[in-house]
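Only this structure's heavy atoms are used, side chains among them; waters, hydrogens and symmetry mates stay out. Here is the naming used below: chain letters follow the sequence lines, and residue numbers restart at 1 for every chain.
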Amino acid sequence: MSIYDTLNDKQKEAVFYKDGPLLILAGAGSGKTRVLTHRIAYLIEEGVNPWNILAITFTNKAAKEMRERVNNLVEYGAESIWVSTFHSMCVRILKRYIDKIGFDNNFTIYDTDDQKTVMKDICKRINVDTKKIKERALLAEISKAKNEMITPEEYEKENASDFGKKKYIEAYREYQKQLKKNNALDFDDLLVKTVELLRSNGDVLVHYQERFKYIMVDEYQDTNTVQFLLIRLLAGNNGNICVVGDDDQSIYGFRGANVTNILDFEKYFPETKVIKLEQNYRSTQMILDAANAVISNNARRKEKSLWTENDEGRKLVFKRLESDWEEAEYISDEISAYIRENDCSYSSIACLYRTNAQSRILEEKFVRDGIPYKIIGGQNFYQRKEIKDLIAYLKAVDNGKDDVAVKRIINVPKRGIGATTINKIDTFAQANNLSFYDTLLNENALAVLGRSASKIQPFVDFIQKLRAQIKYESISDIMEKILNETGYLDELKAEGTDEAKSRIENIDEFFNKIVDYEVRNEKPSLSEFLDEISLIADIDNLEKDSDYVVLMTIHSAKGLEFPKVFLCGMEEGLFPGKAVLYSNSDKELEEERRLCYVAITRAMESMTITCAMRRMSKGEMQYNAMSRFVKEIPGHIMESDIYMGSSSSGRSVSKDSGSSNISGRISKPTNNSSAKAILRTRAFDTKQYTVKKQQVLEYGVGDTVKHTKFGIGQVTNITEGGRDYEVTVEFVTAGTKKMFASFAKLKKV
DNA sequence: CCATCCACGTTTTTT
DNA sequence: ACGTGGATGG
């Protein structure tokens with residue numbers, strides 16, 4: 001028996017097609033990940049050195065899973081395959097070679113927040129009225145240019161005649177200048193600079209071309225122009241490049257994804273072999289029919305027809321509710337019923353929606369009903385204020401040129417350094433071409449500042465001290481000093497509010513993550529840690545076997561599957577969104593429809609679609625019609641208790657069913673702010689469902705234990721912290737380490 | 001320099 | 001409804 005026996009003919013064909021460009025058009029649920037992993041296994045079997053294989057996935061989570069699955073298929077070597085996202089691959093390359101194009105190798109990565117901070121500054125400097133042109137708009141335009149690999153100079157040339165673009169031109173130029181000065185790259189730059197590097201340095205290019213003899217790209221329909229240029233460079237002109245994608249699932253047009261990449265792949269690589277995977281293994285016939293019906297309304301697509309040997313399954317269910325609250329109520333009840341009837345875990349269920357804002361009301365209802373849930377997306381853990389503060393400290397220690405980081409924390413906690421002082425420092429920095437932090441070290445500058453200089457001194461001393469210490473102390477030690485010696489933690493503790501408590505818990509969690517990183521890596525470094533966390537997406541934290549319902553946007557759900565899917569908020573103006581309706585653009589409407597297609601094809605067995613007749617949004621009541629996408633699903637495969645064609649105004653139907661809302665919700669605490677506060681903090685605290693606290697340790701002080709990385713050691717101390725045990729172990733080879741029990745996974749020997 | 005109060009806009013989706 | 005950010009007074 002071979003590992004390939006379970007593949008169908010088409011899949012086998014793709015797996016065994018070893019050399020030359022290969023385009024796999026893989027419909028939803030057609031087993032493309034299986035094909036990719038088996039193909040990697042096959043390559044290795046055929047004598048390809050795993051070291052020569054590059055696999056690019058869309059998320060870190062997908063990368064991790066792919067590595068695990070390959071690991072299960074091959075005897076050895078899986079660890080030396082490069083499996084990563086575009087962005088982390090670029091970071092890895094740039095950290096080694098970016099000095100060749102004029103940056104320091106320890107550059108920092110700016111997230112959207114940091115970008116905004118920089119842009120706000122620039123707007124002030126170049127006199128842009130941010131009420132007329134928003135930072136967001138400027139950044140969006142810049143991002144668009146970068147995705148097309150357009151430099152500030154080229155952008156200027158292209159738009160020289162356009163008066164309206166004048167400020168955009170200036171902003172783009174200044175923005176890049178500032179980033180360079182800060183030794184920072186934004187997400188788009190990671191890709192752009194990598195292409196720049198490879199184009200201008202033949203030896204580096206050759207190095208990577210020789211290394212990556214076999215390249216695979218997953219979710220190819222969502223790549224943008226820079227990414228395409230990048231893989232084309234790496235693959236060389238006739239390389240072994242295999243891309244997998246589905247044009248019907250292209251949903252990232254808004255961030256520059258270029259569908260022509262997949263539609264025209266054969267043009268760029270003339271000898272391309274094309275294989276279509278059309279058998280679906282995931283969903284029931286009914287679900288597939290619904291998905292096919294919806295997507296067939298799109299004009300511009302590669303023809304393909306998905307089919308399945310799976311059961312017909314149950315009809316889809318469509319339910320229209322009075323309000324968003326009742327929609328949440330309905331979903332909550334249905335979840336309980338589904339769990340009862342099918343005797344399955346909560347993790348078989350996902351609630352999908354178009355916008356993150358929709359999660360709120362579901363969350364509120366789930367908290368009340370005690371349904372375990374996890375929200376993916378929205379604000380990422382690392383974007384929380386307190387976490388960003390701490391990261392800024394670490395960045396300040398790591399890269400003194402990062403003005404954004406230094407400015408963020410110079411007065412956090414309060415040191416009596418206000419806007420006036422910061423402006424003075426800025427002016428001096430500009431005049432003397434110094435970074436913000438270096439200005440603080442400059443004697444002349446301090447002289448200019450007079451009295452405030454004395455307030456700055458302790459801060460500078462502190463950072464300088466940490467910089468010296470990071471060379472021989474661990475990141476967690478440094479973090480501990482930041483928390484304690486700045487008074488950051490004390491300040492929060494003194495506050496004592498629920499919010500402060502939840503912040504402290506987040507800080508705790510962050511500390512755990514640092515320790516976890518240190519335990520996982522042979523030679524942990526602050527820079528590497530910072531890189532890693534800046535590229536983490538929320539979806540990467542989704543654990544497979546935890547028992548909770550998952551709430552997320554359809555975008556986040558790409559690539560996932562669930563036995564039971566709820567698709568909610570199916571209303572005109574929400575999905576498809578208002579912007580799309582106003583723009584009147586077929587192209588954008590088709591992308592929304594593809595999004596709907598993605599949503600439906602996540603479901604394996606059962607699908608429930610809901611919408612609300614009225615819903616609160618932005619503080620006012622919104623009355624929405626049912627989404628056109630619902631109408632595109634044929635009536636005979638969908639249970640529904642309303643006339644599909646009806647356009648009745650919300651009022652007429654609501655009369656009698658409205659009586660239920662008083663008796664049904666006795667404990668409704670709408671005006672009770674303390675009850676709300678409790679909800680809020682509990683909402684914040686996702687840990688109650690996600691962290692498994694290790695109750696009893698199987699070892700004690702004096703025992704000999706084994707750690708996967710550090711080897712054998714002796715336990716010298718155990719202290720019980722708030723949520724976990726902190727264990728001190730003296731390792732034979734690795735020295736003494738402090739670690740949290742739940743992460744370290746120590747085994748008694 | 002800091003705390004407080006009010007006005008405003010904000011949300012489409014993410015690495 | 002909510003948070004941000006600007007203006008004002010202490």
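- Residues satisfying the side-chain contact (heavy atoms from CB on, under 4.5 Å) test with A:E588, not counting sequence neighbours, are A:V580, A:S583, A:S585.
- Here C:dT4 presents its C1' atom at 16 Å from NZ of A:K388, a figure rounded to the nearest Å.
- Contacts of A:T420 with the nucleic acid, taken as non-hydrogen atoms under 4.0 Å apart, involve only primed sugar atoms and P, OP1 or OP2.
- Residue contacts for A:K558: at a heavy-atom cut-off of 4.0 Å it reaches no nucleic acid atom on any strand shown.
- The distance from atom CD of A:E135 to atom P of C:dT4 is 14 Å, rounded to the nearest whole Å.
- Put simply, CD1 on A:I417 and CG on A:N411 are 5.5 Å apart, with the number rounded to the nearest 0.5 Å.
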Find every protein N or O atom lying less than 3.5 Å from an N or O atom of nucleotides 7-10 of chain C, and list the pairs.
none

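- Remark: A:T260 pairs with A:N258 by the side-chain hydrogen bond (donor to acceptor under 3.5 Å, both in side chains) rule, at least two apart or across chains.
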Residues 134-149 of chain A side chain polar contacts: donor-acceptor under 3.5 Å, at least two apart:
{"residue": "A:E141", "atom": "OE2", "partner": "A:Y155", "partner atom": "OH", "Å": "2.7"}
{"residue": "A:S143", "atom": "OG", "partner": "A:D188", "partner atom": "OD2", "Å": "2.8"}
{"residue": "A:K146", "atom": "NZ", "partner": "A:Q176", "partner atom": "OE1", "Å": "2.8"}
{"residue": "A:K146", "atom": "NZ", "partner": "A:D186", "partner atom": "OD1", "Å": "3.4"}
{"residue": "A:K146", "atom": "NZ", "partner": "A:D186", "partner atom": "OD2", "Å": "2.7"}
{"residue": "A:K146", "atom": "NZ", "partner": "A:D189", "partner atom": "OD1", "Å": "3.0"}
{"residue": "A:K146", "atom": "NZ", "partner": "A:D189", "partner atom": "OD2", "Å": "3.3"}
{"residue": "A:N147", "atom": "OD1", "partner": "A:N224", "partner atom": "ND2", "Å": "3.1"}
{"residue": "A:N147", "atom": "ND2", "partner": "A:S143", "partner atom": "O", "Å": "3.2"}
{"residue": "A:N147", "atom": "ND2", "partner": "A:R255", "partner atom": "O", "Å": "3.1"}
{"residue": "A:E148", "atom": "OE1", "partner": "A:T225", "partner atom": "OG1", "Å": "3.2"}
{"residue": "A:E148", "atom": "OE2", "partner": "A:T225", "partner atom": "OG1", "Å": "3.2"}

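- The shortest side-chain heavy-atom distance between A:Y382 and A:I536 falls under the 4.5 Å cut-off.
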Q. Just by protein heavy atoms under 4.0 Å, how would nucleotides 8-15 of chain B read 5' to 3' in B, S and -?
A. --SBBBBB
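- Contacts of A:D540 with the nucleic acid, taken as non-hydrogen atoms under 4.0 Å apart, are absent.
- Looking at A:L581 and A:P576, their side chains come closer than 4.5 Å, going by heavy atoms from C-beta outward.
- Between the CZ atom of A:R415 and the C1' atom of B:dC2 there is a distance of 16 Å, rounded to whole Å.
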Residues 125-133 of chain A, side-chain donor-acceptor partners within the protein, below 3.5 Å, at least two apart:
{"residue": "A:R125", "atom": "NH2", "partner": "A:Q178", "partner atom": "OE1", "Å": "3.3"}
{"residue": "A:D129", "atom": "OD1", "partner": "A:K131", "partner atom": "N", "Å": "3.0"}

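- With respect to the salt-bridge test (charged N to carboxylate O, under 4.0 angstrom), the residues A:D247 and A:R300 do not qualify.
- Across all strands shown, A:K414 has heavy atoms under 4.0 Å from sugar-phosphate atoms exclusively, and none from any base.
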